[in-house]
Q: 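Have a look at the structure that comes next, please.
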Amino acid sequence: MNKHIDLLVHNIGQLCTIPAHDNGPQRGHYLGDLGLLDYAAIAIHDGVIVDIGDNAELRSTYVAANMIDAHGQLVTPGLVDPHTHVIWAGERSDEFEQRIGGATYQEIMAAGGGINHTVRTTRAADLTTLVEQSKARLNAMLAHGSTTVECKTGYGLNTPTEITMLNAIVLLDTEHPVDLVPTFLGAHAIPPEYTADADGYVDLVIDDMLPAVAEWRSEHWPDTLFCDVFCEDGAFDLDQTWRILDAAQNCGMQLKVHADEFEPLGGTKLAAEMGAVSVDHVVVTPDEDIEALAESDTIAVSLPPTPFGLAHTRYTPAQRFLDAGVALAIATDCNPGTGWNENMQFVMALATRYLRLTPAQALAAATVNAAYAVGRGDRVGSLETGKQGDLVIWNAVRYPLLSYRFGTNLAQTVIKRGKVVFNMRWRGMLETQI
Ligand code: NIG
Ligand code: FE
């Protein structure tokens, strides 16, 4: 008997299901299991995948209210971007000119620019401006195939503006097709009013911001809330990082850490010991910390657009992480300073060249592992029955094209919970749809 469903995506030439392994990420060299099916179809009902399999078989089993013909193209899960600072106001192209002229990122930060530059413009913006400017970037993310995006605060650095940033995230999560995963990053930089008193700022984060955020959460965000710290020279040292993360954990928050971007301060080992969900950047990570990570469930999130954006030559030593058996994910780190890039396809292009991931590994790192890095692996990142109907039909016939080509958007149709939310052929693209 024919079963009625909302949507059948059929005539899929190559389907990457990218399965979870034991309800978890693909660890170490198991990374790159794409679960390939040829000539396949996917049945979606009530926003959830109800069946996946042979094209002819599914076509005879289901009667769909809506049919989408993939015309033999590649289909993958919607991409997951597990580390972004996409909520901000303003821009820093003047600093880019300084950096291209020879100034370093840390020099600009020490002189009051960098993150604190964006803190000034974000504090000065009202909620509507913040939401509008950030929405334009989310539109670009969606148009490039990302359907779940982690979003950090961290350009407020005082209690009211940090809460405004959280409100912007919830508003966009409600209004925009992309699912947003919020992270409180009050410890992103020492704000100008605490330059001479970093510990005083840490006290403010612990005694004022975290309780305010916990209260905000009880009213506005029943799902997982992450707390992150930028553990780095010129930002927060290891002890300050521990103090903040410990207090956040006591407030019921899950943990993330920015570690080993420029200097190895021990943040990766700390993340593993504290049971953080992820540790991100991991460029200058010592072997001992990689071993600690391998013993833990903490996922390493590499951000190749950051060294690229800074014109640095050093990237995450991904092979060492994979050899040790660590689960590796990749993300844009989309931010106004080190790397303003919304496109996970470009991240895959960089990861294959500079991390030496295979195209299959890069794709799994941008989907299933990225989903686990934001605590959403049970819902997104793989095309499996019971997971959300989030997928991309690509202007490509085989998956390696996604990292082989770069600089051109290959996303053709983006489907979120069984609904088309972006189509390359729409005139005016997203403005007319969102
Ligand atoms: O992940 N490292 C800290 N934060 C960002 C940069 C943010 C900025 O420069 O505005 C990063 O690279
Ligand atoms: Fe970051």
Side-chain angles (χ1 to χ4, degrees), residues 25-31 82-83 85 104-106 150 152 183 185 187-188 226-242 244-245 254-333 335 338-339 347 350-357 361-362 364-366 369-370 372-374:
Q26 300 183 356
R27 294 189 70 105
H29 286 288
Y30 291 104
L31 182 66
H83 180 135
H85 306 255
T104 68
Y105 180 74
Q106 286 106 314
E150 186 259 11
K152 300 178 197 296
T183 296
L185 179 60
H188 193 193
F226 287 98
C227 178
D228 193 348
V229 176
F230 186 19
C231 181
E232 188 58 61
D233 263 3
F236 298 88
D237 67 23
L238 194 65
D239 183 58
Q240 293 166 335
T241 303
W242 176 82
I244 294 164
L245 293 179
Q254 301 275 322
L255 308 182
K256 287 179 169 283
V257 187
H258 277 69
D260 304 330
E261 181 176 3
F262 304 118
E263 295 296 331
L265 301 189
T268 296
K269 200 169 174 195
L270 180 72
E273 283 167 1
M274 295 189 82
V277 173
S278 76
V279 57
D280 304 36
H281 281 293
V282 289
V283 176
V284 295
T285 310
D287 283 338
E288 190 194 326
D289 286 36
I290 296 178
E291 288 307 323
L293 212 49
E295 303 289 308
S296 77
D297 287 330
T298 305
I299 296 175
V301 180
S302 175
L303 313 169
T306 310
F308 176 83
L310 292 169
H312 288 177
T313 50
R314 194 162 174 186
Y315 287 77
T316 299
Q319 298 310 317
R320 279 168 42 208
F321 285 79
L322 296 182
D323 288 347
V326 173
L328 185 73
I330 53 177
T332 60
D333 194 21
N335 74 76
T338 56
V347 181
L350 292 174
T352 44
R353 275 111 181 139
Y354 297 116
L355 276 60
R356 295 273 161 195
L357 299 188
Q361 289 174 330
N369 281 15
Y372 279 102
V374 293

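Below, all heavy atoms of this structure are taken into account, side chains as well, without hydrogens, waters or symmetry copies. Nothing fancy with the numbering, it's 1 onward along the sequence.
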Q: Tell me the closest heavy-atom pair linking Pro317 and Val283, and the distance in Å.
A: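 Shortest heavy-atom contact: CD-O, 3.4 Å.
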Q: Is it the case that atom CG in Asp237 sees more than 12 heavy atoms from other parts of the structure closer than 6.0 Å?
A: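 Above 12, so yes.
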Q: Where is the tightest heavy-atom contact between Leu265 and Phe236, given as atom of each residue plus distance?
A: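 Looking at all heavy atoms of both residues, the closest pair is CD1-O, 4.1 Å.
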Q: For residues Leu322 and Leu31, report the shortest heavy-atom separation together with the two atoms involved.
A: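 Heavy atoms only, the tightest pair is CD2-CD2, 4.0 Å.
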Q: If you count the non-hydrogen atoms of other residues, nucleotides and ligands that lie under 6.0 Å from CZ in Arg356, is the total more than 12?
A: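 It does not: Arg356 CZ has 12 such atoms or fewer within range.
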Q: Does any part of the side chain of His85, heavy atoms only, come nearer than 4.5 Å to the side chain of Leu185, both counted from C-beta?
A: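 In contact.
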Q: Using a 3.5 Å cut-off and no angle test, enumerate the donor-acceptor pairs between side-chain atoms of residues 267-274 and protein atoms at least two apart in sequence or in another chain.
A:
{"unit_1": "Thr268", "atom_1": "OG1", "unit_2": "Asp260", "atom_2": "OD2", "d": "2.5"}
{"unit_1": "Lys269", "atom_1": "NZ", "unit_2": "Glu288", "atom_2": "OE2", "d": "2.9"}

Q: Looking only at atom types and distance, does a side-chain atom of Arg27 sit under 3.5 Å from a main-chain N or O of Ala294, one as donor and one as acceptor?
A: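 Pair found, side chain donor or acceptor close to backbone of Ala294.
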Q: Would you list the pairs meeting ring pair (Phe, Tyr, Trp, His ring centres under 6.0 Å) in which at least one residue belongs to residues 261-300, sequence neighbours left out?
A: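 Those involving residues 261-300 are His83-His281, Tyr105-Phe262, His258-His281.
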Q: Output all residues satisfying side chain to side chain contact (heavy atoms under 4.5 Å, CB included) with Leu355, sequence neighbours left out; order by chain, then residue number.
A: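 Checked Leu355 against side chain to side chain contact (heavy atoms under 4.5 Å, CB included); matches are Ser302, Pro304, Tyr315, Thr316, Ala318, Ile330, Ala351, Leu357.
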Q: Ignoring hydrogens and geometry, is there a side-chain-to-backbone donor-acceptor pair from Asp280 to Val301 under 3.5 Å?
A: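 No, Asp280 side chain to Val301 backbone: no donor-acceptor pair under 3.5 Å.
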Q: Of all the heavy-atom pairs spanning Ile244 and Ala187, show the shortest one and how long it is.
A: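 Shortest heavy-atom separation between Ile244 and Ala187 comes out as CD1-CB, 3.6 Å.
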Q: Can you list the steps and then say if Asp323 with His29 is a side chain to side chain contact (heavy atoms under 4.5 Å, CB included)?
A: CA-CA 7 Å; Asp323 288 347; His29 286 288; 2.6 Å; yes
Q: To the closest 0.5 Å, what do you measure between CD (Glu261) and NE2 (His312)?
A: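 Rounded to the nearest 0.5 Å, the CD-NE2 separation comes to 8.5 Å.
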Q: Return the CZ to CG distance between Phe308 and Leu303, rounded to the nearest 0.5 Å.
A: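 One gets 14.5 Å once the value is rounded to the nearest 0.5 Å.
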Q: Rounded to the nearest 0.5 Å, how far apart are OG of Ser278 and CG of Leu293?
A: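 Those atoms lie 10.0 Å apart.
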Q: Return the minimal non-hydrogen interatomic distance between Val277 and Ala373, and the atom names on each side.
A: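 For Val277 and Ala373, the tightest heavy-atom pair comes out as CG1-O, 3.5 Å.
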Q: Could you state the interatomic distance from OG1 (Thr241) to CG (Leu255), rounded to the nearest 0.5 Å?
A: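 Between Thr241 OG1 and Leu255 CG, I get 11.5 Å after rounding to 0.5 Å.
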Q: Okay, side chain of Thr298, backbone of Ala276: is any donor-acceptor separation there less than 3.5 Å?
A: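 Checked: pair present.
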Q: Given 3.5 Å as the limit, does a donor-acceptor pair link the side chain of Lys256 with the main chain of Val374, or not?
A: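 Answer holds: no.
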Q: Run Lys152 and Asp333 through salt bridge (Lys or Arg N to Asp or Glu O under 4.0 Å) and show every step you take.
A: CA-CA 10 Å; Lys152 300 178 197 296; Asp333 194 21; over 6 Å; no
Q: Search all heavy atoms of Cys231 against all heavy atoms of Val257 and return the closest pair with its distance.
A: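 Between these two residues, the closest heavy atoms are CB-CG1, 4.1 Å.
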